[in-house]
Amino acid sequence: MASFSSNSKDLETSIRFLDCALANSTGRGPPNLGSNSPSLFKSHIVNQKNTKDDSLDASIIGMASGRLSVTSAVRRPLPQNPQLLHDVSITLAPHEFELFGNQSALSKTLSQRHWSDAWDRLHLQFLESFLTHGSEQEVFDIVGDFIQNCSDTLEVLQDECAKGSRTLEQKDVAWLRNERNTWRLIYCLYQNRLSTRHRAAIDSPQDGQCTLMEEDGLGSCLKQHRSEKDVVNQLYENDPVVRECQLVIDWLEKCAADFKLEAGGPEIGHFTDKIVAWENTLLQLKMNKEKDSNIAYGASKSIVSRLDPDAPTRENKSLHDLDWEDEARLMQQIFVEIRCGRLDNAQLLCCHCGQPWRAAVLEGWRLLHDPNYESAPTAGNVLAKMPIEGNPNRDIWKICAWRMSEDYKMPVYTRATQGALCGNLDALLPVCQKWEDVLWAYLRVLVDIRVETEIRSQLGISQEYAEMPEKYWQKELTLEEIFEQLGKHQNCREEANKPDHRVQEMLVLEKIGPLLNRMEEWSMDCGPQMLRFFAHLVLVLRLLGHSDLAGDNVIQSYVKYLISLRDPRLVAHYVAQLPQEEQINNYASFLATVVDSEERQACLAEAEEAGLDIETITTTVVELIRKQESKCHITSETTASDLKKISALDWLVFYPAQRAEALWQANALIRSFLAAGKIEAATKAFNKIPADSISQIVSEFQVKPDEVDMNFHQNLPRRVASSIREYFCYKTYLDAKDGFSDWHQHFHNAKPSKPSDPGENATFQDRVAFDHRASVYQRDLDRWKKTMQNQSKTVKTLLYNVLLFPAGGWLVDSNPNYADQTEFMSQEDDQDKLREKEMEYLRAQSIPEIVLLLHTVLYKMEEYGECVQLADLVVSEQNQLYKVYSKEQLGELVVKVADASLALLEQKKDPWGLPLSS
């Protein structure tokens, strides 16, 4: 019994995910699992306390035998709510109110941009979706994002086309729509398949145990009464072919509903308000009875004498000409609603047009089920009798529906409607014009026959069923035979051979190997959007457990197209999906075409993010990235690659003899981080150096402790001395940045808020409360000011340490006469020049920044006189800080100093902060 419960929960999960795949979601991200979208798998699990009947709802069962309603299969009265029937003066069909306010927020945003970029944005959007959910566990989140990306882009393009601002190829719209539908198909099919495999693995028999199917069979045998619903519940649960066919039917109906919504077109509500049936015939009969010939539009031939539903057939006479037109339009609309999986809408439409009897006819397919057998009363508790679900005479109704669908005197859409409900393929095919319609017809008939066969084989012993015609049973085909028939059908022969439908066919048949081979062939000569779809389909199939060499070739074709776009982010991440050797070859060929310096930097950064083997692609990858990232501020966040570089420093600190090299490499890494604005990463790299590294280095070179000062370079090799000095420079700079960050945080976030004055009309109690809050505020403000004064002193010292760094200045090497200078310059001249340029760049970027930070502290603390003195510090020849300033930066500093001078004047002082003489 526990196994049965687990199986039902798995099936419920699969169904909920199918609802997500079929839902017309309007928000970004993965589909909403709580969606109330009009899916045919909505409300499939019976919510009953009896765990033995924790199975599929009768609404699932009904799908196999013509079920099209999204609601429960319980027999219910025909809708009589005037609001549901839309008894209004404007001509709106029953479902048209649902169309208002159905545009997603992202679509509105995209529509404000230039529509021609929408196609190109799909490449980046798909990449972001794949990167956001890149694991096997999140494969359905990826597919959900793909569905949403296609829907949003399709909506934007169609909106722009409707406005007339651009022309749009219909084949492009059709392709994008079919791509979205294919992702939906993958979503629902593989949710079901993975759930089935998972249940099969859990339910595999062990010693002394029985399988889930055996337990279900035993439970069924013990059940005293089995209804048609129970039988078909078991069929759907145990037969994966029937279950998967029904998923495809639901998918096809969802696709048709979306296409109908997007395409628009005339409907019944556009031509008539709520009316009585055959109103023109009724008026004609009244006029004839009153012998009044004054009628605007008289009948052109003899009409019926009665208005019951069977009158035209019984009397072999016609309705009024206008009524025949309305009838034909109504029947076509009813079939369209059924094709879209919306039987409720079709019934509402019948009632809207004054034909509730026709809505009742559409109820006859429902499977019989008596819930009273499942809820036996306990001792002292008498349960109320529940209504019986379904049609007790369903077999007789089905025979009648079959005969009506075979009657060639009936309108073609009337026959097709009945054929859809009773499984008559010959009545359905004449109105099926597209590949999707024909497939839907074949699958509906297949599932209908499977369900009918199961019901009669399980319940035929205890119950006699009316015989169906032999022709009915002859239409049961396998899925392979169905798709073979689609390739021969005159209405869809050409469509069946198109790549999008071939992909859908092989997904349904689960022929993944042939699918990959065909996509490899198609990718050699296809458009960019089709190529994008093929590449991402390969990636998704990989996550689902399907991998093949042909898939690598598809991705490689896509990479070649992305190279033509020259987008390094796209190229790097899709190259990373190829085998190792192909990664090197393809990305190396792409780098060979890059000439611009900044573009090269971007390519390396994206390669780093994509996880490519950059060391193999370029022999000096670490130095090259560090050098080029010094000018490329891609992001200020610490990336995984940054952490990898920082972590690599650990190899240089294991042995004391390597501390000098560790210091050199750490300084080089910190330079690249600071140039890119990555303060956090620079701090982490700095902290990788053990605290005793300096003492280890000086002891290694036998420098006496009393000689370790800022002039220790005279006693150490130039490279080592420069590393130590640069290390202290970075320590000073990072301490200053950290101190300013703490000061800024406390200044802006810790300052108490002044209470609001209650006003002159405030009550005495409010005034007393205000006085109390004011006193508390004043105490907090005094405490905050004292704290800020102490913090300001500390941060000023830290900032001045950078500006007044001894022995030449911050990030300036000392230049003594080294004994080994000639040898050093001959061996490492290029590296030294590069290092000097990087340090000059950092000085030019950081010193003006530190001056402005110091000015901010002084100005906020109202120390305006010291603000003015910053100008003297900058232009001082002793420090020569002005040399790193550009004209723009000097102009900005002058403006800051001028602001401070104005503040001094307001304090009755001169512009330099001295008191004015009276």
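- Using bins of under 30°, 30° to 60° and over 60° for the plane-to-plane angle, the ring pair Phe126/Phe146 lands in the parallel bin.
- Side-chain atoms of His746 never come within 3.5 Å of backbone atoms of Met788 as a donor-acceptor pair (strictly under, hydrogens ignored).
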Problem set entry | Residue pair Phe805, Phe728: steps toward the ring-ring contact (aromatic ring centres under 6.0 Å, His included) verdict | CA-CA 10 Å; Phe805 200 86; Phe728 283 128; 7.9 Å; no
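- A 4.5 Å side-chain heavy-atom check between Lys678 and Thr638 finds every atom pair outside the cut-off.
- Contact of the Trp664 side chain with the Arg835 side chain is registered, since non-hydrogen atoms from C-beta on lie closer than 4.5 Å.
- Contact annotation: the side chain of Asp813 approaches that of Met839 to within less than 4.5 Å [non-hydrogen atoms, C-beta and beyond].
- Nearest approach of Ala871 to Val897, heavy atoms of both residues: CB-CG2, 4.2 Å.
- In this structure, the separation between CG on Leu854 and CD on Gln869 is 10.5 Å, given to the nearest 0.5 Å.
- Each of Tyr561, Tyr574, Phe130 was compared with His123 under the ring-ring contact (aromatic ring centres under 6.0 Å, His included) criterion, and only Tyr561 meets it.
- Applying the side chain to side chain donor-acceptor pair (under 3.5 Å) test to His744 and every residue at least two apart in sequence or in another chain returns His748.
- No hydrogens or angles considered: nothing links the side chains of Gln556 and Asp552 as a donor-acceptor pair under 3.5 Å.
- Inspection of the Gln789 and Lys786 side chains reveals no N or O donor paired with an N or O acceptor under 3.5 Å.
- Side-chain atoms of Asp738 never come within 3.5 Å of backbone atoms of Leu734 as a donor-acceptor pair (strictly under, hydrogens ignored).
- Between Glu892 and Leu852, the shortest heavy-atom contact is OE2-CD1, 3.6 Å.
- Here the closest non-hydrogen pair linking Ala682 and Leu674 is CB-CD2, 3.7 Å.
- Between Arg569 and Glu128, at least one side-chain nitrogen of the basic residue sits less than 4.0 Å from a carboxylate oxygen of the acidic one, meeting the salt-bridge criterion.
- Of the possible polar contacts, one joining the Asn667 side chain to the Ser723 backbone as a donor-acceptor pair under 3.5 Å is found.
- Tyr733 and Glu849 are linked by a side-chain donor-acceptor pair at a separation below 3.5 angstrom, with hydrogens and angles left out of the test.
- Taking 4.0 Å as the cut-off between side-chain N and carboxylate O, Arg719 and Asp832 do not count as a salt-bridged pair.
- Contacts of Glu840 classified as side chain to side chain donor-acceptor pair (under 3.5 Å), with partners at least two apart in sequence or in another chain: none.
- Counting only N and O atoms by type, the side chains of Ser129 and Asn149 include a donor and acceptor under 3.5 Å apart.
- With hydrogens and angles disregarded, no donor-acceptor distance shorter than 3.5 Å links the side chain of Ser876 to the backbone of Asp872.
- At least one cation-pi condition fails for Arg843 and Trp810: the charged atom is not both under 6.0 angstrom from the six-membered ring centre and inside a 45 degree cone around its axis.
- In summary, the side chains of Gln583 and Tyr587 do not present any donor paired with an acceptor at a separation below 3.5 Å, with no hydrogens or angles considered.
- Here the side chains of Leu853 and Val795 are not in contact, with every heavy-atom distance at 4.5 Å or above.
- We find that Glu680 and Lys684 are joined by a salt bridge, their nearest charged nitrogen and carboxylate oxygen being less than 4.0 Å apart.
- Considering only heavy atoms from C-beta on, Tyr859 stays 4.5 Å or farther from Lys896 through its side chain.
- Scanning for ring pair (Phe, Tyr, Trp, His ring centres under 6.0 Å) contacts around His573 gives an empty result, with sequence neighbours left out.
- Cys867 and Leu858 make their closest contact through SG-CB, 3.3 Å (heavy atoms, listed as atom of the first residue, atom of the second, distance).
- Other residues, nucleotides and ligands place more than 12 heavy atoms under 6.0 Å from the NZ atom of Lys796.
- The side-chain tip of Arg532 does not point at the ring of Tyr558 from less than 6.0 angstrom away and within 45° of straight on.
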